[in-house]
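Small disclaimer: the values here were computed from a predicted structure and weren't measured.
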Amino acid sequence: MGFFTSARTRKIKPAKRITGSVRLPGDKSISHRYAMLAAVAEGTSEVRSFSSSADCQSTLDCLKKLGVKIERHNQDITIHGARLRGLRQPAGTLDAGNSGSTMRMLSGILAGQSFRSVIVGDASLACRPMKRIIDPLTQMGARVQASQDGLPPLEIEGGRLKPISYELPVPSAQVKTAILLAGLYAEGETEVVEPTATRDHTEIALEQMGADIGRHGRTIAIRGLLEKGAQLEAKKFYVPSDISAAAFFIVAGLLVPDSNLVLQNVGLNPTRTAILDLLVRMGGRVKTLDVDSIGGELVGNIHLENSVLAGGEISSAAVPGWIDELPVLAVLGTQTQHGLAFHGAAELRVKESDRLKAVADNLRRMGAVVEEFHDGLSLTGKQALHGAEIESYGDHRIAMAFAIAGLVAQGTTLIRDSRCVEISFPDFFDVLGRAAEPK
Ligand code: S3P
(Lines give C-alpha, C1' and ligand atoms only; values in the text may rest on other atoms or scores of the structure.)
Protein backbone atom coordinates (compact mmCIF):
# COMPACT_ATOMS: atom_id res chain seq x y z
CA MET A 1 0.00 0.00 0.00
CA GLY A 2 1.08 3.58 -0.52
CA PHE A 3 3.15 4.29 2.57
CA PHE A 4 5.00 7.32 1.23
CA THR A 5 4.92 10.98 0.41
CA SER A 6 8.50 11.89 1.17
CA ALA A 7 11.32 10.26 3.07
CA ARG A 8 10.15 12.05 6.18
CA THR A 9 6.37 11.95 5.93
CA ARG A 10 4.54 8.63 5.51
CA LYS A 11 1.05 8.25 4.20
CA ILE A 12 -1.14 5.60 5.84
CA LYS A 13 -4.44 4.45 4.30
CA PRO A 14 -7.15 2.48 6.09
CA ALA A 15 -6.65 -1.30 5.90
CA LYS A 16 -9.16 -3.97 4.91
CA ARG A 17 -7.26 -6.75 6.67
CA ILE A 18 -3.83 -7.69 8.01
CA THR A 19 -2.60 -11.16 7.16
CA GLY A 20 0.51 -13.27 6.78
CA SER A 21 3.46 -14.44 8.77
CA VAL A 22 5.66 -11.59 9.96
CA ARG A 23 9.29 -11.52 11.08
CA LEU A 24 10.20 -8.67 13.40
CA PRO A 25 13.61 -7.29 14.41
CA GLY A 26 15.60 -8.90 17.20
CA ASP A 27 14.77 -7.68 20.70
CA LYS A 28 16.40 -4.33 21.38
CA SER A 29 16.69 -4.75 25.17
CA ILE A 30 18.27 -8.19 24.84
CA SER A 31 20.63 -7.11 22.02
CA HIS A 32 22.06 -4.23 24.08
CA ARG A 33 22.73 -6.59 26.97
CA TYR A 34 24.30 -9.41 24.93
CA ALA A 35 26.59 -6.90 23.19
CA MET A 36 27.73 -5.23 26.43
CA LEU A 37 28.21 -8.48 28.32
CA ALA A 38 29.99 -10.20 25.43
CA ALA A 39 32.29 -7.16 25.17
CA VAL A 40 33.62 -7.70 28.70
CA ALA A 41 33.54 -11.51 28.63
CA GLU A 42 36.49 -13.80 28.10
CA GLY A 43 36.50 -15.32 24.60
CA THR A 44 34.51 -14.84 21.43
CA SER A 45 30.70 -14.61 21.48
CA GLU A 46 28.38 -15.03 18.50
CA VAL A 47 25.04 -13.21 18.51
CA ARG A 48 22.41 -14.29 15.97
CA SER A 49 19.41 -12.10 15.03
CA PHE A 50 20.87 -9.02 16.69
CA SER A 51 18.51 -6.03 16.59
CA SER A 52 18.60 -3.95 13.39
CA SER A 53 17.83 -0.81 15.43
CA ALA A 54 19.89 2.39 15.38
CA ASP A 55 19.90 2.22 19.20
CA CYS A 56 21.72 -1.10 19.28
CA GLN A 57 24.13 0.15 16.62
CA SER A 58 24.92 3.00 19.05
CA THR A 59 25.86 0.41 21.65
CA LEU A 60 28.12 -1.44 19.18
CA ASP A 61 29.77 1.84 18.12
CA CYS A 62 30.49 2.78 21.74
CA LEU A 63 31.94 -0.67 22.42
CA LYS A 64 34.17 -0.40 19.34
CA LYS A 65 35.41 2.96 20.56
CA LEU A 66 36.27 1.24 23.82
CA GLY A 67 38.56 -1.10 21.88
CA VAL A 68 36.24 -4.11 21.47
CA LYS A 69 36.62 -6.00 18.16
CA ILE A 70 33.20 -6.55 16.60
CA GLU A 71 32.34 -8.02 13.20
CA ARG A 72 28.85 -7.63 11.82
CA HIS A 73 27.26 -9.57 8.94
CA ASN A 74 23.73 -8.20 8.77
CA GLN A 75 22.07 -9.45 11.95
CA ASP A 76 24.81 -11.87 12.95
CA ILE A 77 27.55 -10.45 15.10
CA THR A 78 30.85 -11.71 16.44
CA ILE A 79 32.22 -10.01 19.54
CA HIS A 80 35.74 -10.63 20.76
CA GLY A 81 35.51 -10.17 24.51
CA ALA A 82 38.06 -7.81 26.09
CA ARG A 83 37.54 -9.24 29.64
CA LEU A 84 36.14 -7.18 32.51
CA ARG A 85 39.02 -4.73 32.78
CA GLY A 86 40.25 -4.91 29.18
CA LEU A 87 38.41 -1.94 27.69
CA ARG A 88 40.54 0.92 26.37
CA GLN A 89 40.13 4.61 27.13
CA PRO A 90 38.24 6.01 24.12
CA ALA A 91 39.70 8.75 21.96
CA GLY A 92 36.98 11.40 22.20
CA THR A 93 33.44 11.00 23.48
CA LEU A 94 31.18 7.95 23.33
CA ASP A 95 27.96 8.72 21.44
CA ALA A 96 24.82 6.96 22.70
CA GLY A 97 22.68 8.68 20.02
CA ASN A 98 19.01 8.43 21.01
CA SER A 99 19.56 5.44 23.28
CA GLY A 100 18.89 5.78 27.00
CA SER A 101 19.70 2.08 27.40
CA THR A 102 23.20 2.58 25.93
CA MET A 103 23.97 5.54 28.17
CA ARG A 104 22.57 4.13 31.39
CA MET A 105 23.63 0.51 31.12
CA LEU A 106 27.10 1.14 29.69
CA SER A 107 27.74 3.51 32.61
CA GLY A 108 27.69 0.46 34.90
CA ILE A 109 30.60 -1.07 32.98
CA LEU A 110 32.48 2.24 32.68
CA ALA A 111 32.20 2.69 36.45
CA GLY A 112 34.44 -0.37 36.81
CA GLN A 113 37.18 0.75 34.37
CA SER A 114 40.30 2.55 35.43
CA PHE A 115 39.91 5.46 33.00
CA ARG A 116 37.76 8.51 32.42
CA SER A 117 35.13 8.56 29.69
CA VAL A 118 32.38 10.90 28.52
CA ILE A 119 29.06 9.72 27.03
CA VAL A 120 26.96 12.12 24.99
CA GLY A 121 23.58 11.73 23.29
CA ASP A 122 21.25 13.45 20.82
CA ALA A 123 18.86 16.30 21.65
CA SER A 124 16.20 13.92 23.05
CA LEU A 125 18.65 11.93 25.19
CA ALA A 126 20.15 15.20 26.46
CA CYS A 127 16.80 15.80 28.26
CA ARG A 128 16.53 12.42 29.97
CA PRO A 129 17.22 11.97 33.70
CA MET A 130 20.54 10.41 34.71
CA LYS A 131 20.52 11.07 38.46
CA ARG A 132 18.95 7.63 38.82
CA ILE A 133 22.25 5.99 37.78
CA ILE A 134 24.56 8.69 39.14
CA ASP A 135 23.38 8.10 42.73
CA PRO A 136 24.00 4.35 42.98
CA LEU A 137 27.22 4.37 40.90
CA THR A 138 28.59 7.19 43.05
CA GLN A 139 27.72 5.24 46.19
CA MET A 140 29.74 2.34 44.75
CA GLY A 141 32.77 4.62 44.45
CA ALA A 142 32.73 5.81 40.82
CA ARG A 143 32.93 9.51 40.00
CA VAL A 144 29.98 10.31 37.75
CA GLN A 145 29.16 13.84 36.72
CA ALA A 146 26.31 15.27 34.67
CA SER A 147 24.92 18.77 34.18
CA GLN A 148 23.51 20.52 37.24
CA ASP A 149 20.07 19.07 36.56
CA GLY A 150 21.43 15.54 36.30
CA LEU A 151 21.22 15.53 32.50
CA PRO A 152 23.73 14.21 29.90
CA PRO A 153 26.51 14.32 28.93
CA LEU A 154 27.89 11.99 31.57
CA GLU A 155 31.51 12.01 32.63
CA ILE A 156 32.54 8.81 34.36
CA GLU A 157 35.77 8.12 36.14
CA GLY A 158 35.78 4.49 37.17
CA GLY A 159 37.94 2.60 39.57
CA ARG A 160 37.70 0.17 42.46
CA LEU A 161 34.07 -0.31 43.41
CA LYS A 162 32.49 -1.33 46.68
CA PRO A 163 29.25 -3.30 46.91
CA ILE A 164 26.01 -1.57 47.93
CA SER A 165 22.49 -2.58 48.80
CA TYR A 166 20.23 -0.32 46.76
CA GLU A 167 16.48 0.06 46.69
CA LEU A 168 15.40 1.45 43.32
CA PRO A 169 13.27 4.60 43.82
CA VAL A 170 11.71 4.09 40.35
CA PRO A 171 11.19 0.66 38.78
CA SER A 172 13.75 0.71 35.94
CA ALA A 173 15.45 -2.23 34.27
CA GLN A 174 18.10 0.11 32.88
CA VAL A 175 19.08 1.35 36.32
CA LYS A 176 18.95 -2.19 37.75
CA THR A 177 21.24 -3.30 34.93
CA ALA A 178 23.73 -0.46 35.47
CA ILE A 179 24.07 -1.48 39.14
CA LEU A 180 24.36 -5.21 38.39
CA LEU A 181 27.05 -4.54 35.76
CA ALA A 182 28.98 -2.36 38.21
CA GLY A 183 28.44 -5.15 40.75
CA LEU A 184 30.61 -7.43 38.58
CA TYR A 185 33.52 -5.15 39.48
CA ALA A 186 32.76 -4.63 43.19
CA GLU A 187 34.50 -6.46 45.98
CA GLY A 188 31.70 -8.41 47.65
CA GLU A 189 27.97 -8.75 47.11
CA THR A 190 25.87 -5.99 45.55
CA GLU A 191 22.10 -6.07 46.06
CA VAL A 192 19.35 -4.35 44.08
CA VAL A 193 15.80 -4.28 45.43
CA GLU A 194 13.03 -3.55 42.93
CA PRO A 195 9.72 -1.97 43.95
CA THR A 196 8.04 -3.88 41.10
CA ALA A 197 9.53 -6.53 38.87
CA THR A 198 11.01 -5.17 35.63
CA ARG A 199 12.44 -7.01 32.61
CA ASP A 200 15.07 -9.51 33.74
CA HIS A 201 17.15 -10.08 30.60
CA THR A 202 20.33 -8.94 32.37
CA GLU A 203 19.88 -11.45 35.19
CA ILE A 204 19.22 -14.28 32.70
CA ALA A 205 22.24 -13.41 30.52
CA LEU A 206 24.53 -13.07 33.56
CA GLU A 207 23.37 -16.49 34.83
CA GLN A 208 24.10 -17.98 31.39
CA MET A 209 27.59 -16.47 31.37
CA GLY A 210 28.58 -17.91 34.73
CA ALA A 211 28.18 -14.85 36.97
CA ASP A 212 27.48 -15.40 40.66
CA ILE A 213 23.96 -13.98 40.72
CA GLY A 214 20.92 -14.94 42.79
CA ARG A 215 17.32 -13.78 43.09
CA HIS A 216 15.01 -13.84 46.11
CA GLY A 217 11.65 -12.15 45.61
CA ARG A 218 12.33 -8.57 44.54
CA THR A 219 16.02 -8.71 45.50
CA ILE A 220 18.80 -9.51 43.07
CA ALA A 221 22.28 -10.17 44.46
CA ILE A 222 25.49 -10.32 42.45
CA ARG A 223 29.01 -11.09 43.66
CA GLY A 224 31.97 -9.33 42.06
CA LEU A 225 34.04 -11.60 39.82
CA LEU A 226 37.40 -9.84 40.00
CA GLU A 227 38.18 -10.75 43.62
CA LYS A 228 38.00 -14.44 42.61
CA GLY A 229 40.00 -13.80 39.45
CA ALA A 230 36.95 -14.92 37.45
CA GLN A 231 35.54 -13.62 34.15
CA LEU A 232 32.22 -13.87 32.29
CA GLU A 233 32.17 -16.73 29.78
CA ALA A 234 31.64 -15.97 26.09
CA LYS A 235 28.52 -17.60 24.59
CA LYS A 236 26.57 -18.32 21.45
CA PHE A 237 23.46 -16.14 21.76
CA TYR A 238 20.19 -16.03 19.86
CA VAL A 239 18.05 -12.88 20.11
CA PRO A 240 14.28 -13.49 19.85
CA SER A 241 12.10 -11.00 17.98
CA ASP A 242 11.13 -7.93 19.94
CA ILE A 243 7.72 -8.13 21.63
CA SER A 244 7.69 -4.32 21.88
CA ALA A 245 7.99 -4.15 18.07
CA ALA A 246 5.44 -6.98 17.80
CA ALA A 247 3.02 -4.86 19.87
CA PHE A 248 2.19 -2.66 16.84
CA PHE A 249 1.25 -5.73 14.79
CA ILE A 250 -0.57 -7.31 17.72
CA VAL A 251 -2.81 -4.25 18.01
CA ALA A 252 -3.23 -4.04 14.22
CA GLY A 253 -4.15 -7.73 14.03
CA LEU A 254 -6.79 -7.36 16.75
CA LEU A 255 -8.31 -4.10 15.48
CA VAL A 256 -8.37 -4.45 11.68
CA PRO A 257 -11.39 -6.50 10.46
CA ASP A 258 -10.78 -10.01 9.01
CA SER A 259 -7.18 -10.07 10.18
CA ASN A 260 -5.30 -13.29 10.70
CA LEU A 261 -1.65 -12.83 11.50
CA VAL A 262 1.30 -14.85 12.81
CA LEU A 263 4.30 -13.14 14.40
CA GLN A 264 7.36 -15.39 14.31
CA ASN A 265 9.83 -16.26 17.08
CA VAL A 266 8.82 -13.47 19.45
CA GLY A 267 10.49 -13.18 22.86
CA LEU A 268 7.96 -14.26 25.49
CA ASN A 269 9.91 -13.57 28.66
CA PRO A 270 7.16 -13.27 31.34
CA THR A 271 8.47 -9.83 32.38
CA ARG A 272 7.55 -8.59 28.88
CA THR A 273 4.26 -10.35 28.10
CA ALA A 274 1.92 -8.16 30.20
CA ILE A 275 0.48 -6.83 26.94
CA LEU A 276 -0.61 -10.32 25.88
CA ASP A 277 -2.18 -11.07 29.27
CA LEU A 278 -4.03 -7.75 29.18
CA LEU A 279 -5.37 -8.28 25.68
CA VAL A 280 -6.49 -11.85 26.41
CA ARG A 281 -8.30 -10.58 29.53
CA MET A 282 -10.09 -8.03 27.33
CA GLY A 283 -11.28 -10.78 24.98
CA GLY A 284 -8.46 -10.60 22.38
CA ARG A 285 -7.98 -13.67 20.23
CA VAL A 286 -4.26 -13.98 20.90
CA LYS A 287 -2.50 -17.35 21.13
CA THR A 288 1.13 -18.22 21.74
CA LEU A 289 2.31 -21.33 19.90
CA ASP A 290 5.47 -23.49 19.72
CA VAL A 291 6.99 -21.92 22.84
CA ASP A 292 10.57 -22.94 23.59
CA SER A 293 13.40 -21.71 25.81
CA ILE A 294 16.59 -20.48 24.11
CA GLY A 295 19.47 -19.28 26.29
CA GLY A 296 17.05 -18.90 29.21
CA GLU A 297 14.61 -16.71 27.23
CA LEU A 298 11.17 -17.99 26.15
CA VAL A 299 10.48 -17.70 22.42
CA GLY A 300 7.33 -18.55 20.44
CA ASN A 301 4.93 -17.57 17.67
CA ILE A 302 1.98 -15.27 18.33
CA HIS A 303 -1.26 -15.86 16.45
CA LEU A 304 -3.83 -13.06 16.24
CA GLU A 305 -7.34 -12.64 14.92
CA ASN A 306 -9.58 -9.60 14.76
CA SER A 307 -11.44 -9.35 18.09
CA VAL A 308 -14.01 -7.38 20.06
CA LEU A 309 -12.12 -5.96 23.06
CA ALA A 310 -13.79 -5.02 26.32
CA GLY A 311 -11.28 -2.42 27.58
CA GLY A 312 -11.06 -1.52 31.27
CA GLU A 313 -8.68 -0.05 33.85
CA ILE A 314 -5.05 -1.18 34.03
CA SER A 315 -3.55 -1.36 37.52
CA SER A 316 -0.55 0.87 38.29
CA ALA A 317 1.43 -2.16 39.49
CA ALA A 318 1.26 -3.59 35.96
CA VAL A 319 2.72 -0.48 34.29
CA PRO A 320 6.44 -1.51 34.13
CA GLY A 321 5.33 -4.66 32.28
CA TRP A 322 4.05 -2.72 29.27
CA ILE A 323 5.75 0.65 29.61
CA ASP A 324 6.97 0.67 25.98
CA GLU A 325 3.64 -0.58 24.65
CA LEU A 326 1.59 2.29 26.13
CA PRO A 327 1.35 4.46 22.99
CA VAL A 328 -0.13 1.70 20.87
CA LEU A 329 -2.30 0.41 23.74
CA ALA A 330 -3.75 3.90 24.05
CA VAL A 331 -4.67 3.80 20.36
CA LEU A 332 -6.28 0.41 20.99
CA GLY A 333 -8.15 1.83 24.00
CA THR A 334 -10.15 4.16 21.73
CA GLN A 335 -11.46 1.12 19.82
CA THR A 336 -12.53 -0.95 22.84
CA GLN A 337 -16.11 -1.36 24.05
CA HIS A 338 -15.69 0.43 27.38
CA GLY A 339 -12.52 2.49 26.89
CA LEU A 340 -9.19 2.18 28.68
CA ALA A 341 -7.67 4.04 31.62
CA PHE A 342 -4.40 3.85 33.51
CA HIS A 343 -2.38 5.77 36.11
CA GLY A 344 1.09 5.26 37.61
CA ALA A 345 2.84 5.90 34.29
CA ALA A 346 4.58 9.26 34.94
CA GLU A 347 7.79 7.64 33.62
CA LEU A 348 6.29 7.99 30.15
CA ARG A 349 6.92 11.72 30.37
CA VAL A 350 10.70 11.12 30.36
CA LYS A 351 10.99 8.63 27.51
CA GLU A 352 12.20 9.56 23.99
CA SER A 353 9.38 12.14 24.07
CA ASP A 354 6.72 13.02 26.63
CA ARG A 355 4.65 10.06 25.52
CA LEU A 356 1.53 10.91 27.52
CA LYS A 357 1.36 14.32 25.85
CA ALA A 358 2.33 12.99 22.41
CA VAL A 359 -0.36 10.30 22.53
CA ALA A 360 -3.05 12.67 23.84
CA ASP A 361 -2.21 15.38 21.25
CA ASN A 362 -2.18 13.02 18.31
CA LEU A 363 -5.33 11.15 19.32
CA ARG A 364 -7.09 14.52 19.59
CA ARG A 365 -5.84 15.40 16.09
CA MET A 366 -7.63 12.23 14.95
CA GLY A 367 -10.83 13.41 16.64
CA ALA A 368 -10.67 11.32 19.81
CA VAL A 369 -11.75 12.35 23.30
CA VAL A 370 -8.81 11.84 25.69
CA GLU A 371 -8.31 12.80 29.31
CA GLU A 372 -4.67 13.38 30.27
CA PHE A 373 -3.46 13.07 33.89
CA HIS A 374 0.02 13.76 35.23
CA ASP A 375 0.63 10.01 35.31
CA GLY A 376 -1.83 8.45 32.90
CA LEU A 377 -4.60 8.68 30.34
CA SER A 378 -8.26 7.85 30.06
CA LEU A 379 -9.60 6.95 26.64
CA THR A 380 -13.26 6.70 25.81
CA GLY A 381 -14.11 3.54 23.85
CA LYS A 382 -15.77 3.04 20.45
CA GLN A 383 -14.40 6.27 18.98
CA ALA A 384 -14.34 6.87 15.24
CA LEU A 385 -10.87 8.17 14.37
CA HIS A 386 -10.30 10.27 11.28
CA GLY A 387 -7.10 10.62 9.28
CA ALA A 388 -4.90 13.53 10.39
CA GLU A 389 -1.40 14.91 10.26
CA ILE A 390 0.50 13.23 13.08
CA GLU A 391 3.51 14.70 14.86
CA SER A 392 5.96 11.92 15.81
CA TYR A 393 7.98 14.22 18.10
CA GLY A 394 10.95 12.27 16.72
CA ASP A 395 9.82 9.33 18.85
CA HIS A 396 9.80 5.94 17.11
CA ARG A 397 7.03 4.45 19.22
CA ILE A 398 4.74 7.44 18.61
CA ALA A 399 5.28 7.22 14.82
CA MET A 400 4.50 3.49 14.77
CA ALA A 401 1.52 3.68 17.15
CA PHE A 402 -0.15 6.29 14.95
CA ALA A 403 0.59 4.35 11.76
CA ILE A 404 -1.56 1.63 13.35
CA ALA A 405 -4.20 4.22 14.27
CA GLY A 406 -4.18 5.25 10.59
CA LEU A 407 -5.12 1.69 9.56
CA VAL A 408 -8.40 1.91 11.48
CA ALA A 409 -9.14 5.62 10.84
CA GLN A 410 -11.30 7.04 8.09
CA GLY A 411 -9.28 8.83 5.42
CA THR A 412 -5.57 9.33 5.07
CA THR A 413 -3.12 9.75 7.95
CA LEU A 414 0.24 11.44 7.50
CA ILE A 415 3.03 10.58 9.91
CA ARG A 416 5.50 13.46 10.02
CA ASP A 417 9.18 12.90 10.78
CA SER A 418 8.62 9.16 10.35
CA ARG A 419 12.29 8.26 9.90
CA CYS A 420 12.58 7.98 13.66
CA VAL A 421 11.25 4.38 13.33
CA GLU A 422 14.90 3.51 12.59
CA ILE A 423 15.59 3.87 16.30
CA SER A 424 13.98 0.48 16.95
CA PHE A 425 12.43 -0.92 13.73
CA PRO A 426 14.00 0.33 10.46
CA ASP A 427 11.78 -1.85 8.19
CA PHE A 428 8.55 -0.99 9.97
CA PHE A 429 6.72 0.62 7.05
CA ASP A 430 7.82 -2.09 4.59
CA VAL A 431 6.74 -4.91 6.90
CA LEU A 432 3.42 -3.18 7.59
CA GLY A 433 2.93 -2.48 3.88
CA ARG A 434 3.35 -6.19 3.06
CA ALA A 435 0.91 -7.36 5.75
CA ALA A 436 -1.81 -4.71 5.35
CA GLU A 437 -4.28 -4.91 2.48
CA PRO A 438 -5.71 -1.47 1.65
CA LYS A 439 -9.46 -0.88 1.65
C1 S3P B 1 14.54 -0.91 28.95
C2 S3P B 1 13.85 -0.54 30.07
C3 S3P B 1 12.78 0.46 30.06
C4 S3P B 1 12.23 0.64 28.65
C5 S3P B 1 13.31 0.84 27.64
C6 S3P B 1 14.22 -0.38 27.62
C7 S3P B 1 15.62 -1.90 29.08
O8 S3P B 1 13.29 1.71 30.48
O9 S3P B 1 11.32 1.71 28.61
O10 S3P B 1 12.76 1.01 26.35
O11 S3P B 1 16.07 -2.44 28.06
O12 S3P B 1 16.03 -2.15 30.20
P13 S3P B 1 13.45 2.08 32.04
O14 S3P B 1 14.48 1.20 32.61
O15 S3P B 1 13.88 3.53 32.04
O16 S3P B 1 12.10 1.88 32.64
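Using a distance-only test at 3.5 Å, with no hydrogens or angles considered, no donor-acceptor pair links the side chain of Asp200 to the main chain of Glu203. Using a distance-only test at 3.5 Å, with no hydrogens or angles considered, a donor-acceptor pair links the side chain of Ser241 to the main chain of Leu24. Although no hydrogens or angles enter the test, the distance criterion places no donor-acceptor pair under 3.5 Å between the side chain of Thr273 and the main chain of Leu276. Proximity of a side-chain donor or acceptor of Asn362 to a complementary backbone N or O of Glu391 within less than 3.5 Å is detected. In this structure, Ser259 contributes its side chain and Thr19 its backbone to no donor-acceptor pair below 3.5 Å. Put simply, the side chain of Asp122 gets close to the backbone of Ser124: a donor and an acceptor are under 3.5 Å apart. Using modelled atom types, one side-chain atom of Lys65 and one backbone atom of Thr93 make a donor-acceptor pair closer than 3.5 Å. Side chain of Gln113 to backbone of Leu84: a donor-acceptor contact under 3.5 angstrom is found.
A 6.0 Å sphere centred on CD of Gln337 holds more than 12 heavy atoms belonging to other residues, nucleotides or ligands. The number of heavy atoms from other shown groups lying within 6.0 Å of CZ (Arg23) does not exceed 12. Residue Arg72 places its CZ atom among more than 12 non-hydrogen atoms of other residues, nucleotides or ligands, all under 6.0 Å distant.
In this view, Tyr34 and Phe237 satisfy the ring pair (Phe, Tyr, Trp, His ring centres under 6.0 Å) rule, not counting sequence neighbours. Checked against side chain to side chain contact (heavy atoms under 4.5 Å, CB included), Asp212 has the following partners two or more places apart in sequence or in another chain: Arg223, Lys228. Under the side chain to side chain contact (heavy atoms under 4.5 Å, CB included) criterion, Ser52 pairs with Pro25, Gln75, Pro426, not counting sequence neighbours. Under the rule for a ring pair (Phe, Tyr, Trp, His ring centres under 6.0 Å), His338 has no partner lying at least two apart in sequence or in another chain.
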Chi angles and distances behind the side chain to side chain contact (heavy atoms under 4.5 Å, CB included) call for Arg128, Glu352 | CA-CA 8 Å; Arg128 299 185 62 190; Glu352 287 84 328; 3.8 Å; yes
Chi angles and distances behind the side chain to side chain donor-acceptor pair (under 3.5 Å) call for Ser31, Ser51 | CA-CA 6 Å; Ser31 297; Ser51 164; 4.6 Å; no
Is there a side chain to side chain contact (heavy atoms under 4.5 Å, CB included) between Ile390 and Ile12 once you walk through the steps?
-> CA-CA 11 Å; Ile390 296 300; Ile12 306 290; over 6 Å; no
Between Leu329 and Phe342, is a side chain to side chain contact (heavy atoms under 4.5 Å, CB included) present by the stated rule, with each step listed?
-> CA-CA 11 Å; Leu329 278 176; Phe342 59 88; over 6 Å; no
Apply side chain to side chain contact (heavy atoms under 4.5 Å, CB included) to the pair Leu110 and Ile119, showing each step before the final yes or no.
-> CA-CA 10 Å; Leu110 294 173; Ile119 321 184; 3.7 Å; yes
Determine, stepwise, if the pair Thr198 / Lys176 fulfils side chain to side chain donor-acceptor pair (under 3.5 Å).
-> CA-CA 9 Å; Thr198 64; Lys176 170 176 69 175; 3.0 Å; yes
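For the 3.5 Å distance criterion, the side chains of Ser29 and His201 fail to qualify, holding no donor opposite an acceptor. A donor and an acceptor atom, one from each side chain of Arg272 and Ser244, are located under 3.5 Å apart. In the model, Asp149 has no side-chain atom that pairs as donor or acceptor with a side-chain atom of Ser147 under 3.5 Å. Counting only N and O atoms by type, the side chains of Arg132 and Gln174 include no donor and acceptor under 3.5 Å apart. In this model, a donor atom of one side chain and an acceptor atom of the other lie less than 3.5 Å apart for Asp61 and Gln57.
Sorted by first and then second residue, the pairs that involve residues 275-290 and meet side-chain hydrogen bond (donor to acceptor under 3.5 Å, both in side chains), not counting sequence neighbours, are Asp290-Asn301. Pairs passing the salt bridge (charged side-chain N to carboxylate O under 4.0 Å, His left out) check and including a residue from residues 374-389, sequence neighbours excluded, read Glu389-Arg416.
Residues Met400 and Ser424 form a side-chain contact, since some pair of their non-hydrogen atoms from C-beta on lies under 4.5 Å apart. Within the 4.5 Å cutoff, the side chain of His343 has heavy atoms near those of the Phe373 side chain. For the pair Val319 and Ile323, the minimum side-chain heavy-atom distance is below 4.5 Å. Residues Arg104 and Leu137 form no side-chain contact, since every pair of their non-hydrogen atoms from C-beta on lies 4.5 Å or further apart. Contact of the Ile204 side chain with the Asn269 side chain is registered, since non-hydrogen atoms from C-beta on lie closer than 4.5 Å. Residues Phe249 and Ile302 form no side-chain contact, since every pair of their non-hydrogen atoms from C-beta on lies 4.5 Å or further apart. Contact check for Asn260 versus His303: side-chain heavy atoms found under the 4.5 Å cut-off. Between Thr59 and Asp55 the shortest side-chain heavy-atom distance does not fall below 4.5 Å.
Under 4.0 Å is where a charged nitrogen must lie from a carboxylate oxygen, and between Glu297 and Arg199 no such pair does. Electrostatic pairing of Lys351 and Asp395 does not count as a salt bridge here, judged by no charged N lying under 4.0 Å from a carboxylate O. For the pair Asp76 and Arg48, the salt-bridge criterion is not met [side-chain N within less than 4.0 Å of a carboxylate O].
For the atom pair Glu189 CD and Ile164 CD1, the distance stands at 12.5 Å (nearest 0.5 Å). Here the straight-line distance linking atom CG of Leu340 with atom CD1 of Ile314 works out to 4.5 Å at 0.5 Å rounding. To the nearest 0.5 Å, atoms CG (Leu168) and CZ (Arg218) are separated by 11.5 Å. Here the straight-line distance linking atom CD1 of Ile77 with atom CZ of Phe50 works out to 4.5 Å at 0.5 Å rounding.
Ile404 pairs with exactly one of Thr413, Val251, Leu332, Val256 by the side chain to side chain contact (heavy atoms under 4.5 Å, CB included) rule, that one being Val251.
Nearest heavy-atom pair across Gln335 and Gln383 is NE2-O, 3.0 Å.
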